[in-house]
Amino acid sequence: MNTYRALARTSLIIILVIIAIGIVAGVYIYITTQPTTTTTPATPTSTPKTSPTTSTPQEASTTPTSLTPTSTPSITGTTTAKSAIAVTDFRGKTIEFEKPVERIVILSSYWAELLYAIGAGDCIVGIGSYVAYDEYLPDSIRSKTSIGSIFKGVNIEELTALEPDAVIMDCGYSKADELIEQVENMGIPVIGLFIRSIDDELKAIEIFGKITGLEDRANELKNFIETRYNGIKARASTIPDDQKLHVVMISGSSILKSGELSVYANTSWGVTLEDIGAINIALREHPGEEWPKIDLETLYTWDPDVILIASSVSKIQSVLDAIAGDERWHGLRAYTEKKVYVVPCWSSIGGVLDWGPRDIIGREYIASILYPEIYSGIDWRSDMEYLLSRFYDLSIPRQAFALYNIEWKEIVDTLNDTVKIPRKPERVVDFISYVTELAFGTMDKLVGVSKYAKTTILIKTAYPNITEIPSPGSSFSVNIENLTALNPDLVIIWPYKPDIIEEIETLGIPVVKVELYSIDDVKRLIWMFGSIYDMRDRALELINDMDYLIGLVQERIKDIPKEERAKVLYLWSNPTKVQGGKGTVNDFIVLAGGINVAAKDLPSKTYVEVDVETIIGWNPDVIIIWCYAKSYNESTILNDPLWQSIKAVQDGRVYREPYYEHWGVDCSLFVLWLAQKLYPDEFSDINFIDIANEYYMKWYGINYSEI
């Protein structure tokens, strides 16, 4: 009896299976024979398409391989094919995600830079200890929860609490692999990376683009790097073997420790030297090592043509001072021929070489040192400025970056001309930007100033010793004999008279030119001083202060429609000399929310004479008078019968500007003051004098009210 029952059950099961197979086959035939015009839900463009190699076993067995996600019919009209993202990290491990990651913990600053550069900065929820010090990253990332580092260990509990979709970190050294195992045991995917070449850099960009769904942006960054790398390789291929320089790259930290020297051999940076067309002696002597250690005697045996030193920006001068002050280095050919250079590294402003997006800039920097003629068509500073602007949303100009030699450094002036100046200038003649010197606290470096510096109220008040500094003239007229007697390391001048500049340069004195027509030029000037004096931290602080005040203004006026914005006329030394559309003052008017009425008719003019009829036609809402104007004042304008039809005069909105320097950091205060005059209701809670006093004390060491 039991046997018959078992047979019956078995028969029933077989019948049901046959029926089920028939139903599935019928549905499949029905689906695959439907017209191709069947409407399907659109697949989001940010979701990577599924490929057979990345599908899970279940997906592979249920989805016909002849159909793509965008053409798969949907019976309900609301479902789509499930996509998987799979990447293989540098350990050779494949990591899969069901959708683009949204929460990332990242342990290294260079990988944080890469994520930020492709537009995935918002995905970062936790960082490694050193990421907080990366000045190329915004505060929104640097202030994220710090969970430790590869070297000192990671707080696994804090990491887990952040609920990351993925952890991105280096692998293969220190405690990295042990940490990876810990994290993966918590069920959190880890992408392990370690750069050995530019190709690895490009692969990392692809991985980041894929896991975040930002492949277009990643490809743009990849193309930027790849194009420049190919340009380097093409030029390097033209260098004959017998003309290749023998080069060594040394860790600056090891020099400061006065012990064995750590050199770059089989590492990404070590291989870079070969990519550029040089012979890396350390790589040839120690092909299986990354950072071998050698003594000074070995360095003498190698006797390189060029010595490169990898150093953080803050330690550059200390490293070069250590070499210059140690006679043991002086017998090296590279030293006697002054072929010792520093490569600024890592994450302080001024650093050009690091893993991540800036790696290619560091390679261009090194190429320009080793073979300046072969790589003359490559401008590493311009590429750096573009990279930061396009991918980092940072306005850090080429003036912020210097090239360092044992004796000199090369900076860029505001005309974008490169100038070689002493490595540590101590004797400076400044004919034009002495107020910026005051903001940097470098007045003690001045051995000569313009005669106008001694009449500038800010300088006289904040630095009474200005009367003791000699004046060999001004940018308009220089007493060359008196200038030469001052024995300056460099001269800073407005390029009003090229013949004067040529005469100074003929004497072997470096000339740094200053010409400013916009607020961006003012910032370039500040960054230039940061490079001259190696005070980029001060430059960054000053510019951040400027941006804060301007940002405050911009936030309060952002909702004022263009057609309701105040029309402004700015008057210079006399009532009919007006500010055109070119110049810092025009920018200040725009930043304050005004419309410069003269800019439309005079777009390329700084200041120009016009007639009263033209001013009447412009009919400004507000008139601003230059603070140094002597021949007239507010009453002159308000009481002149010719001006009575002008709205600004009728409303009594004619103001003499307060004191400020048009080319100084305090120009941001003028933007605030002007915005208050244009839109008093928007700024009624702000006491201008209080703010000005605070900033003047910080910038110049005095209260604004003293001026």
If you take the centroid of each ring, where Trp contributes its six-membered ring, are Y386 and F224 closer together than 6.0 Å? yes

Test item: side-chain donor near acceptor, Y695 and D545, under 3.5 Å: no

With ring centroids as reference points, do Y173 and F194 lie under 6.0 angstrom apart? yes

Residue from V101, L214, I168 passing side chain to side chain contact (heavy atoms under 4.5 Å, CB included) with F208: I168

dist I255:CD1 -> I250:CD1 (nearest 0.5 Å) comes out at 5.0 Å

Minimum heavy-atom separation for V313 to G350, with atom names? CG2-C, 3.6 Å

Find out whether Y365 and L353 are in side-chain contact, i.e. whether some heavy atom of one side chain is under 4.5 Å from a heavy atom of the other. no

Consider only side-chain N and O atoms of T94 and T88, and report whether a donor and an acceptor are under 3.5 Å apart. yes

Main-chain N/O of L591 paired with Q554 side-chain donor or acceptor, under 3.5 Å: yes

Using modelled atom types and a 3.5 Å cut-off, is there a donor and acceptor pairing between side-chain atoms of N266 and backbone atoms of G288? no

Excluding sequence neighbours, so at least two apart, what forms salt bridge (charged side-chain N to carboxylate O under 4.0 Å, His left out) with D354? R358

Got a salt bridge between K222 and E206, using NZ or NE/NH1/NH2 to carboxylate O under 4.0 Å? yes

Distance-minimising heavy-atom pair for A439 and V665: CB-CG1, 4.4 Å

Applying the side chain to side chain contact (heavy atoms under 4.5 Å, CB included) criterion to D359, which one of W269, Y110, Y229 satisfies it? W269

Decide if atom CG of N416 counts as having more than 12 heavy atoms of other residues, nucleotides or ligands within a radius under 6.0 Å. yes

Determine whether the side chains of S268 and R363 contain a donor N or O and an acceptor N or O closer than 3.5 Å. yes

Is S109 close to Y133 at the side-chain level, that is, under 4.5 Å between some pair of heavy atoms? no

Evaluate the criterion salt bridge (charged side-chain N to carboxylate O under 4.0 Å, His left out) for residue pair D681 and R556; output intermediate values, then yes/no. CA-CA 10 Å; D681 291 344; R556 295 197 178 201; over 6 Å; no

Candidate pair L115 and I141, rule side chain to side chain contact (heavy atoms under 4.5 Å, CB included), full reasoning: CA-CA 11 Å; L115 268 181; I141 292 177; over 6 Å; no

When rounded to the nearest 0.5 Å, the distance separating CZ of R196 from CG of D199 is 13.0 Å

Please determine whether salt bridge (charged side-chain N to carboxylate O under 4.0 Å, His left out) holds for the pair E184 and K93, giving the CA-CA distance in whole Å, both sets of side-chain angles, and the decisive distance to 0.1 Å. CA-CA 12 Å; E184 288 181 331; K93 180 169 183 177; 3.0 Å; yes

So, do D165 and I188 sit near enough that their side-chain heavy atoms are less than 4.5 Å apart? no

Should M528 and V412 count as side-chain neighbours, where that means a heavy-atom distance under 4.5 Å? no

Does the D379 side chain pair with the main chain of S382, one donor and one acceptor, at a distance under 3.5 Å? yes

The reported gap from CD1 in I276 to CD1 in I232 (rounded to nearest 0.5 angstrom) is 5.5 Å

Report the C-alpha distance between M384 and E364 in whole Å, list the side-chain angles of each, state the deciding distance to 0.1 Å, and finish with yes or no for side chain to side chain contact (heavy atoms under 4.5 Å, CB included). CA-CA 10 Å; M384 182 65 144; E364 291 183 337; over 6 Å; no

Judged by atom type as modelled, is there a donor-acceptor pair below 3.5 Å linking the side chain of T414 to the main-chain atoms of L525? no

d(F588 CZ, C667 SG) to nearest 0.5 Å is 4.0 Å

For D520, is there an ion pair with R524 - N to carboxylate O distance below 4.0 angstrom? no

Is K523 paired with D547 through a side-chain N to carboxylate O contact shorter than 4.0 Å? yes

Could you walk me through whether I366 and T272 satisfy the side chain to side chain contact (heavy atoms under 4.5 Å, CB included) test, starting with their C-alpha distance in whole Å, then the side-chain angles of each, then the deciding distance to 0.1 Å, before giving a yes or no? CA-CA 9 Å; I366 295 171; T272 290; 4.3 Å; yes

I'd like to know if E541 pairs up with R538 as an ion pair, taking the criterion as any Lys NZ or Arg NE/NH1/NH2 lying under 4.0 Å from an Asp or Glu carboxylate oxygen. yes

Sidechain-backbone polar pair: E274 side chain, N280 backbone, donor-acceptor under 3.5 Å: yes

Euclidean distance, Q399 CD relative to S531 OG, rounded to 0.5 Å: 8.0 Å

Taking all non-hydrogen atoms of both residues, which atom of I543 and which atom of W527 are closest, and how far apart? CD1-NE1, 3.0 Å

Would L403 and I411 count as a side chain to side chain contact (heavy atoms under 4.5 Å, CB included) here? Give the steps. CA-CA 7 Å; L403 187 155; I411 66 161; over 6 Å; no

My understanding is that only residues two or more places apart in sequence, or in another chain, count here; which of them pass salt bridge (charged side-chain N to carboxylate O under 4.0 Å, His left out) with R398? E385

Is there side-chain contact between I691 and L549, with heavy atoms separated by less than 4.5 Å? yes

If I take atom CG from residue D139 and atom CD from residue E135, how far apart are they, to the nearest 0.5 angstrom? 10.5 Å

Using a strict threshold of under 4.0 Å (side-chain N to carboxylate O), is an ion pair present between R381 and D383? no

Determine yes or no for a side-chain-to-main-chain donor-acceptor pair under 3.5 angstrom, with S348 supplying the side chain and G351 the backbone. no

Taking 4.0 angstrom as the limit, do R91 and D177 come out as a salt bridge? no

May I ask you to test the L669-W699 pair for a side-chain heavy-atom distance under 4.5 Å? yes

Which heavy atom of V263 sits nearest a heavy atom of A282, and at what distance? CG2-CB, 3.7 Å

Determine yes or no for a side-chain-to-main-chain donor-acceptor pair under 3.5 angstrom, with S518 supplying the side chain and D521 the backbone. yes

Distance only, no hydrogens: is a donor on one side chain within 3.5 Å (strictly under) of an acceptor on the other, for D534 and Y404? yes

Any side-chain to backbone donor/acceptor pair from Y679 onto G593? Under 3.5 Å, distance only. yes

With a 6.0 Å cut-off on ring centres, are Y136 and W346 close enough? no

Validation row: F401, I361 side chains within 4.5 angstrom (heavy atoms): no

Answer yes or no: is there a side-chain heavy-atom contact under 4.5 Å between D89 and I95? yes

Measure from the side-chain N and O atoms of Y116 to the backbone N and O of W111, and report whether any donor-acceptor pair falls under 3.5 Å. no

If you look at every heavy atom in K315 and S311, which pair is closest and at what distance? C-OG, 3.6 Å

Below 4.0 angstrom, N of the basic side chain to O of the carboxylate: do R142 and D134 qualify? no

Below 4.0 angstrom, N of the basic side chain to O of the carboxylate: do D170 and K175 qualify? no

Give a yes or no on whether the backbone of Y264 and the side-chain of T267 come within a donor-acceptor separation of less than 3.5 Å. no

Taking every heavy atom of A120 against every heavy atom of T212, the minimum-distance pair comes out as CB-CG2, 3.9 Å

